[in-house]
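Quantities reported herein were computed from a predicted structural model and do not represent experimental measurements. Just so we're on the same page: letters track the sequence lines, and every chain starts at 1.
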2 protein chains.
Amino acid sequence: MLQARRTLGAYARPAVAVDLVILTLVDCALNVLLVRRGEPPFEGKLALPGGFLRVGDGVEDQGEDLDVAAARELEEETGLGAEDVLLEQFATFGRPGRDPRMRVLSVAYYALVRPELAQRVRAGGDAAATCWEPVAGLSEGALAFDHEDILRVALERMRERLDTSALAFSLVPETFSIPELRTVFSAVKGEPQDPGNFRRKVARLIEDGVLEKAPGVRRTASKPAALYRFRA
Amino acid sequence: MLQARRTLGAYARPAVAVDLVILTLVDCALNVLLVRRGEPPFEGKLALPGGFLRVGDGVEDQGEDLDVAAARELEEETGLGAEDVLLEQFATFGRPGRDPRMRVLSVAYYALVRPELAQRVRAGGDAAATCWEPVAGLSEGALAFDHEDILRVALERMRERLDTSALAFSLVPETFSIPELRTVFSAVKGEPQDPGNFRRKVARLIEDGVLEKAPGVRRTASKPAALYRFRA
DNA sequence: CCAATAGTGTCTGTAAGACATTATTCC
DNA sequence: GGAATAATGTCTTACAGACACTATTGG
């Protein structure tokens, strides 16, 4: 109590960043948006996009919300608005020494981008150093700071939530075929999904009204597939 | 990039607190450890225990890790060490205005305390204003700041993880009966669990080697129950 | 003995996994 | 026609929920 009063302004404060694990599907593989660092520390290494939280100067203006900061960073890096992208906070990283310059906390979000929007990203990004990289192809030590940890935890959380949330529908086009949705599950879980069994699972979602049929078909190299849409 | 350099020291930083949702089982009901505030803001209201993260002054000393801060707060409030308690970060709260004095981010942890340890808490706590309160009995607006949100999110996360993690074993004694474990599930899920079906679920854990039989029995008002122990 | 509850057994519906089969398109 | 794959069907096993029943203790 008393300690709280002393602490109020006296103690040092950490810098707080918001970092994004922006994911999409490219050729049936999970890709993450990375930025090539142009300055120390970790100059030349790849890093997750992110930036510092804007904090106001006083009582009247306390600055921006965490979710707003995440949406702002997303827009700056990709040109995409939060209405098109699933953006969810999943953990906060604060190990001392994770940034050699100073104490930095990173509030981490994952952002799931539909494949058709992902193509536009390069144009929208402010940095020419921005690129999509396959998650599976990242070698140990390729990322700056503790960003490998952040990426790993993001994927763990997504795997936990894949079957119990609407997360997967944010990685397919607005209208999608069942095989397309299956590639999302295969990519996130890291193992192929049986076509027949997966279809049955989705069929239950349709019966329950979670999905509905959409007009048109998806043309591929073989038999076209019917399209569906996520409801509400 | 350039912006990052400018941000490095120039922008205002938020204060960062670590708040704890410390839970235990009292009479088959989930209870949370709360502190009566003795000063504004929210004077007289109940609040989650917590404190500010210790941040070093420079590059050499960057201060304590988030998990260490959580463990330190736990020890200060309860006298319990982190080795006896399941302590997990679950979310970070940072809405502007959540603390009227200044911008404060709260990194939130839940801490699950075995019932037999919970009894010792009053002695260990540094504040006489510390008390266990039944979660279900908390009326709207009883908690300070946004601590009702924090508590709600903690319970949501725990419900998600109850069936897929070892979380429940941290809310029973080291050796426990199946009915005792059942009360944990009932309390967290908020609905009674069928004794027969629950027993079958636990029987599978025993077959799989997750649990093992422990010596002795738990004596109650009726037929005594066999005891089990969590392995590894 | 009686109340209470630990512990067992049964039945049903649902879902997952493995896998075979048919149907429809592109080339 | 043939390759590819969408779409359907079958069989088995596992698990959840509802519920009846038996066993063993304290009072």
A:Lys189/A:Asp163 salt bridge by N-O under 4.0 Å criterion = yes

Do you know the tightest heavy-atom contact between A:Ala70 and A:Leu20?
-> O-CD1, 3.8 Å

Note: B:Val172 and B:Glu180 closest approach over all heavy atoms is CG1-O, 4.0 Å

d([atom1], [X]; [atom2], [N]) in whole Å:
{"X": "B:Glu191", "N": "D:dA16", "atom1": "CD", "atom2": "C1'", "answer": "13 Å"}
{"X": "A:Leu181", "N": "D:dA6", "atom1": "CG", "atom2": "P", "answer": "13 Å"}
{"X": "B:Asp208", "N": "D:dC15", "atom1": "CG", "atom2": "C1'", "answer": "13 Å"}
{"X": "A:Asn197", "N": "D:dT8", "atom1": "CG", "atom2": "P", "answer": "14 Å"}
{"X": "A:Arg218", "N": "D:dA7", "atom1": "CZ", "atom2": "P", "answer": "12 Å"}
{"X": "B:Glu207", "N": "D:dA14", "atom1": "CD", "atom2": "C1'", "answer": "12 Å"}

Dump the intermediate steps for side chain to side chain contact (heavy atoms under 4.5 Å, CB included) on B:Leu25 and B:Leu30, then the final yes or no.
-> CA-CA 5 Å; B:Leu25 232 58; B:Leu30 213 51; 3.5 Å; yes

B:Arg36 side-chain N/O to B:Gly44 backbone N/O, donor-acceptor pair under 3.5 Å | yes

Say whether, by atom type as modelled, one donor and one acceptor occur between the side chain of A:His147 and the main chain of A:Leu48 under 3.5 angstrom.
-> yes

DNA chain C: A:Ala221 or A:Arg204, which has the more 5' nearest nucleotide?
-> A:Arg204

Toward the 5' end of DNA chain C, by each residue's nearest nucleotide, A:Pro195 or B:Ala225 | B:Ala225

Using a cut-off of 4.0 Å on non-hydrogen atoms, how would the nucleic acid contact of A:Arg200 be classed: base, sugar-phosphate, or nothing?
-> base

Tell me what A:Arg182 touches on the nucleic acid: a base, only sugar-phosphate, or nothing, going by heavy atoms under 4.0 Å.
-> sugar-phosphate

With sequence neighbours left out, what residues match B:Phe185 under ring pair (Phe, Tyr, Trp, His ring centres under 6.0 Å)?
-> B:Phe198

For DNA chain C, write out the stems as range with range, using runs of 3 or more consecutive Watson-Crick or G-U pairs with both distances under 3.5 Å.
-> C:1-27 with D:1-27

Return the 5'-most residue of the pair B:Thr220, B:Gln193 with respect to DNA chain D, ranking by each residue's nearest nucleotide.
-> B:Gln193

Of B:Ser222 and A:Gly196, whose nearest nucleotide on DNA chain D comes first from the 5' end?
-> A:Gly196

Taking it one step at a time, do B:Glu140 and B:Glu148 satisfy side chain to side chain contact (heavy atoms under 4.5 Å, CB included)?
-> CA-CA 8 Å; B:Glu140 193 105 0; B:Glu148 273 168 53; 4.3 Å; yes

Report yes if at least one side-chain N or O of B:Arg219 is closer than 4.0 Å to OP1 or OP2 of D:dG26; otherwise report no.
-> yes

Min and max contacting nt of DNA chain C in 5' to 3' order, chain B heavy atoms within under 4.0 angstrom, are C:dA4 to C:dT8

Going by the angle between their ring planes, with limits at 30° and 60°, are B:Phe90 and B:Phe93 parallel, tilted or perpendicular?
-> perpendicular

